[in-house]
A.B. asks: 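Structure below; questions to follow.
Values in this document were obtained by computation on a predicted structure and should not be read as measured data. Labels below follow one simple rule: chain letters A, B, ... track the order of the sequence lines, proteins then strands, and each chain is numbered from 1.
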Number of protein chains: 2
Amino acid sequence: MNALQRDFTKRLYFERSRSPINPLKITNVLDGDGRDPKRTERRREIERAVRMDRVFSNENNANLNRVERHTNALAKHLRLMDLAAKLNVDMSDCTLPDFVSLISATADDMPSLLHWGMFVPSCKTLLSDEQQKYWLPRCHDCRVVGCYAQTELGHGSNVRALETEARFESDGKGGAEWILNTPTLTSTKFWPGSLGKTANTAMVIARLIDGEGVDRGVHNFIVPIRDYVTHLPLPGITVGDIGSKIGYNTMDNGFLKLENVRVPLDNMAMRFVKVDGDGRYSKRGGGSATQKIAYLTMMQVRAQIVGMAGLNLAMATTIAVRYSAVRVQGYDAKGKKEVQILNYVQQQHRLFGHLASSYCFWIGGRAILKRLKETERELVEGSGKVRKGDMGDLHASLSALKAYCSGAAADGIEDCRKACGGHGYLVASGFPELLTTYLQNPTVEGDNHMLPQQVCKVLLKLLRSAVEGGEGAVEKDWRGCDCYYLVGEVREEEGGVEGGVEGMEGLLRLFKARAGRLLVRLGERLEQLVGEEGMDMAEAWNLCLVEMARLSKAHAVVLLLKHFVQGLELFEAAERRIMEVLCRLWALQIVERDAGDFVGVVGEDVIEGVRDNVVRLLGEVRKSAVVLVDAFDFTDFRLKSALGRFDGNVYPDIMKAAMKDTMNEKEVWEPVVVKGHIGVRGAKL
Amino acid sequence: MNALQRDFTKRLYFERSRSPINPLKITNVLDGDGRDPKRTERRREIERAVRMDRVFSNENNANLNRVERHTNALAKHLRLMDLAAKLNVDMSDCTLPDFVSLISATADDMPSLLHWGMFVPSCKTLLSDEQQKYWLPRCHDCRVVGCYAQTELGHGSNVRALETEARFESDGKGGAEWILNTPTLTSTKFWPGSLGKTANTAMVIARLIDGEGVDRGVHNFIVPIRDYVTHLPLPGITVGDIGSKIGYNTMDNGFLKLENVRVPLDNMAMRFVKVDGDGRYSKRGGGSATQKIAYLTMMQVRAQIVGMAGLNLAMATTIAVRYSAVRVQGYDAKGKKEVQILNYVQQQHRLFGHLASSYCFWIGGRAILKRLKETERELVEGSGKVRKGDMGDLHASLSALKAYCSGAAADGIEDCRKACGGHGYLVASGFPELLTTYLQNPTVEGDNHMLPQQVCKVLLKLLRSAVEGGEGAVEKDWRGCDCYYLVGEVREEEGGVEGGVEGMEGLLRLFKARAGRLLVRLGERLEQLVGEEGMDMAEAWNLCLVEMARLSKAHAVVLLLKHFVQGLELFEAAERRIMEVLCRLWALQIVERDAGDFVGVVGEDVIEGVRDNVVRLLGEVRKSAVVLVDAFDFTDFRLKSALGRFDGNVYPDIMKAAMKDTMNEKEVWEPVVVKGHIGVRGAKL
């Protein structure tokens, strides 16, 4: 080992030695809801069990093709089931910490993920109690492996436009069946995860045509698609993988064509509706609380995306911050010693914002998931504490947060990758898989560019209630909701932001004022276009879409900052101090970036001052940057990155990965069509 | 073909029929420098010849592994050489239109690209005339296939820190050799394109240790690395591919270790320096003009990156705009007809800005390349017209433009991909290869986050000259330079922007004022930190890096807008009108995005007004959007995209790609480690 090598392996340890922060105390907060170290120990136990098992090795992933990655992952799935039993991990609820720890510990994509993540939850939500008794035990031991087949080739997630049909047919003797068809090319089910090769059963979303031939809109049907013994497609079923994607290729997103596929009457999900043996369609009990609970279950996925945005971005910043502490470029003032990249303010400006966002989304994601669970509990208990505005408010919050966090994380991961220079382009850096797999998140579960409309519909309702509603009406329906702060803003009851943005209180006021102003303007603009200019609402709505995106972001920022500030309470003194710096940095960088939004809200001098303030905060974060990423507690096994190694010994790892590439299996590859070595062509030099 | 299918294949033709624009007239301008249709015809002839040759098929690319893609591309390289001869394409200069057309026509990455693009140009620049006589003919017929081996594993492109050594050794009989070594792991040459498998020769950048043992800094050496007959590595050479990357995997970026590799004395590039048989090092004639010309040659790569940013972004917008005209989602006001995505203002806001940028960068790239070529000609002719500031100015312009355009194109391509929803995630969409291959551009040839310092060094020099220089000094040195506008700004001789931003003139003034203000502030801030706060310059400089990035962007925007406006002259009336709309949209979206920069430059009402104006312009672009992407004239062969097909028949193509995926070669894949079908495990349902 030469001098330079010895040097760069020492850098991270030096960084760690000079920080006053104890990373484990932060880890404990991130793992649990408070400072309980037990949750961290349990997670580490689960991760260790996975890491020690050779089946879970990811070492040669870069040189495997799709089929090899997929079949490897199937093997991992089977081993994971055994491990779950051994470690006593409850697989029945995909939001439980142990489940999340086990799945994440593999650092690979499980083709069975949508079974646990979508199929089982939708069975619990949509099937009647009797139906659940049949299907859930079979799901649990994976005799049934399911997927959720909604989107179609020509229609994305526009549920109203789905073409797949399930037609009621009586056998005239009291028995009845559903006949399922995808009548057109564009109605081919397309995209569902786990559908292509893994699942033997699909929850198919189809238009229900009842016994009288009436189209009752889309409903859910459990359709066996592969033989439960041979795993071959059943009659009338054409199923397969949809082809290579930019990432996530271990997963078999699939297509499904149905041609007169028959399933029993009882394979329709009958919790909320019922079709009897004569084909009569009727709504069923369950009540509004049960429907609300079902809705909350579906919303969990968005809440998980918020938290996972934090986690994925945390992985990217861990790699980038560590490598930036190892890597040197350029010279110091005396022109002798090369400078750690991490000392450049420009690099700090790129990375520390993402570091702050990682914590912010992680904490915010947990807070919103907690609220979902609490609301669910209130509904189950019938406590009556769930207000009229709550469901809409949760919908608005989750839509705004999902769009904001998944967008910021996708951009942020790529930014961290670029911040690693050329080596960030290597698969060995860990970024390509992290990034390309993550890139699905801005699109799935509501496209980030469509969600703002959902947010604005709710906020406009609040606006109307605040302005037009009778005395106390808005308070009764909305007090305690996430969006309630907007009432004061639109009524202009809140003080100005003249106090400046020195404290967190002032910053939160600033963001609230921005959101309020954007909401009032949106309302006025719509009114103007419809009322004064005589447009129909659809046209006016369309012209306001860009403004809606702004409002949605502004609302998300208020919620995130609120959760971030509240989350600070969980840390002990030394750690809280640095988390406060991160929180402040996060907020100020938004003011810096969106400065145009604050014109007229605060003075020009305040906006100008923010830039200097940001640079000052970067200097404070710099001192503990490495420890702050250590605190995320990702093992090398999970990061899969030569650049992000805990010990900083990056260069031998890069070379090792290079030597293993299939391109190096032969010294000379010959062109496949025209024979003869390139550069030779028969002649001597 | 069902009704929906018939419908979506009609949509693009309907779009085309209702636009008053003739796309071919725009194509002619883009192809040539004016309206000459011959250049378009020639390009199409070359593309046709490539397309018709089965060797160049890209049809199964998605299912080939790295080695297969690479060896296929080697075959294409050989066929390309024949085709060049047949079509009379001059391969001697990689900036000639015919060369560019031929390489682009393959719609694949040639592993020999760096031979033409870096090795040959550097031979022409750095070798003495006698040396060129030996090497260039061998390069031309590819007996020698070269690469440019500069970057090292531990050092990126920090040339001063390179560790590779070339040590002079005399044989005592008047003969002499160079002994080359990469003495450490970190000095392993790493990244050079074409090095891994394709090249048999490398231009190695190494520290020259002369006969007296003095380190003369980095110089260039031609080093044969593979046997010219067997293509096997030569003694002392370890060479190979650096492993999989996020994209560009057809290219064999390579690593190279040198262990006492001996080459003749004359393999050192001796145009500007000389080492004689006794190891005496001396500077050589050639004069400052020759050195400048050499420098200009190296700068061509950056100019090409600017133009290619336009071209790559144009591909992305072509796919996204066409697919957005084909794809429907949601319902119109009457709730009956599904709406084309392209009619949503939010989608227009995303895509049309990138459409405008495509034109802007394309036109700007050509303008800056033209200026480079003209400067070169002036130097060769010794006209004396090249001013003192010219070289620095060109350096600043190219650095600013390279950083701005490649960054915006990378973000823009990804944004276009996201704008295609789920299907944009498919390899069949064409985006994954387009994006991941493009993503190297923000990093290569000067990292986008390092370049602003280069820009600001020059602009600060101008500032000093403008403020401190004697009467007329700044005019003499800098008049006519790109950055000359800043003189008026920093001297506050220019009028305000009170006139508003209605015309292009006002907008240009606004951007100039912003750049001027940022430059003055940067100067003041540095002075304050060094003068008042007593920092050393390196420390002060570091604290200003974020501001420098802003200034560099602001400068790039001024140059791009200037070129865009000048480029409008090339179009005929009808086409010019829509190009003016695009130009205006491009500028206003920047004001919208960077609003904070304009606070205090123009009134709040102006900034507010911009948002409405943007929405209005989007409506105008909408009418001709499809024709405006048609005008880029990319064939389906070049786009390789199911979504971007000229005829809009996207869905059958997506399905076709899915069916061909290797995952569908077998109905059932079994886990490789644990046997037994997933979901079965021996038990019946």
A.B. asks: Taking only residues two or more places apart in sequence, or in another chain, which ones meet A/T443 in a side chain to side chain donor-acceptor pair (under 3.5 Å)?
C.D. replies: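 A/T443 satisfies side chain to side chain donor-acceptor pair (under 3.5 Å) with no other residue.
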A.B. asks: Do A/S244 and B/D661 get their side chains close enough for a donor-acceptor pair, meaning under 3.5 Å?
C.D. replies: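 Per modelled atom types, A/S244 and B/D661 side chains form a pair under 3.5 Å.
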A.B. asks: Is there side-chain contact between A/N65 and B/N65, with at least one heavy-atom pair below 4.5 Å?
C.D. replies: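 When only atoms from C-beta onward are counted, B/N65 and A/N65 do not touch, as no gap falls below 4.5 Å.
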A.B. asks: Using a 4.5 Å cut-off on heavy atoms from C-beta on, say whether the side chain of B/W669 contacts that of A/T198.
C.D. replies: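 No, their side chains stay 4.5 Å or more apart.
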A.B. asks: Given side chains that start at C-beta, do those of A/L153 and B/I654 come closer than 4.5 Å, heavy atoms only?
C.D. replies: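 Answer yes - side chains close enough.
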A.B. asks: Does any non-hydrogen side-chain atom of B/Q346 lie less than 4.5 Å from one of A/M450?
C.D. replies: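 Result no, sub-4.5 Å side-chain heavy-atom pair not found.
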A.B. asks: A/F190: which residues meet the ring-ring contact (aromatic ring centres under 6.0 Å, His included) condition with it, sequence neighbours left out?
C.D. replies: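 Residues passing ring-ring contact (aromatic ring centres under 6.0 Å, His included) with A/F190: B/H423.
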A.B. asks: Check whether B/R417 gets within reach of chain A through its side chain, its backbone, both or neither, counting any heavy atom under 4.5 Å.
C.D. replies: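 Answer is side chain: those atoms of B/R417 sit under 4.5 Å from chain A.
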A.B. asks: Is A/R611 salt-bridged to B/D597, going by a charged N under 4.0 Å from an acidic O?
C.D. replies: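 Result for this pair is yes, salt bridge flagged.
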A.B. asks: Heavy-atom pairs under 4.5 Å with chain B - which of A/P233, A/G330, A/A538 has more of them than the others?
C.D. replies: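 Going by pairs under 4.5 Å, I would pick A/P233.
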A.B. asks: Measuring only between side-chain heavy atoms, which start at C-beta, is A/V444 closer than 4.5 Å to B/Y425?
C.D. replies: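 When only atoms from C-beta onward are counted, B/Y425 and A/V444 do not touch, as no gap falls below 4.5 Å.
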A.B. asks: Side chain, backbone, both or neither: which part of B/E414 has a non-hydrogen atom closer than 4.5 Å to chain A?
C.D. replies: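 Side chain of B/E414 only, per the 4.5 Å heavy-atom cut-off to chain A.
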A.B. asks: Under a 4.5 Å heavy-atom cut-off, does chain A meet the side chain of B/A549, its backbone, both or neither?
C.D. replies: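 Looking at B/A549, just its side chain touches chain A.
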A.B. asks: Would you mind checking which part of B/Y248 comes under 4.5 Å of any heavy atom in chain A, side chain (CB onward), backbone (N, CA, C, O), both or neither?
C.D. replies: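 Both parts, backbone and side chain.
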A.B. asks: Which region of B/F255, side chain (C-beta onward) or backbone (N, CA, C, O), has a non-hydrogen atom less than 4.5 Å from a non-hydrogen atom of chain A, or is it both or neither?
C.D. replies: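 Side chain of B/F255 only, per the 4.5 Å heavy-atom cut-off to chain A.
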A.B. asks: Report which part of B/D536 has an atom under 4.5 Å of a heavy atom belonging to chain A: side chain, backbone, both, or neither.
C.D. replies: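 For B/D536, side-chain heavy atoms alone lie under 4.5 Å from chain A.
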A.B. asks: By a 4.5 Å heavy-atom criterion (distance strictly below it), what part of B/D447 contacts chain A: side chain, backbone, both, or neither?
C.D. replies: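 It is the side chain, since no backbone atom gets that close.
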A.B. asks: Short question: side chain of B/K245, backbone of A/V427 - any donor-acceptor pair under 3.5 Å?
C.D. replies: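 Here the side-chain-to-backbone pair does not exist.
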A.B. asks: Counting heavy-atom pairs under 4.5 Å with chain B, which one of A/A410, A/G240, A/G247 comes out on top?
C.D. replies: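 With the most close heavy-atom pairs to chain B, the winner is A/G247.
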A.B. asks: Check step by step if side chain to side chain contact (heavy atoms under 4.5 Å, CB included) holds for B/R226 and A/E667.
C.D. replies: CA-CA 10 Å; B/R226 288 176 178 271; A/E667 268 302 349; 3.6 Å; yes
A.B. asks: For the residue pair B/K418 and A/H449, establish whether any side-chain heavy-atom pair is separated by less than 4.5 Å.
C.D. replies: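 Not touching, per the 4.5 Å side-chain cut-off.
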A.B. asks: Between A/E592 and B/R550 (salt bridge meaning N to carboxylate O under 4.0 Å), is one present in this structure?
C.D. replies: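 B/R550 and A/E592: salt-bridged.
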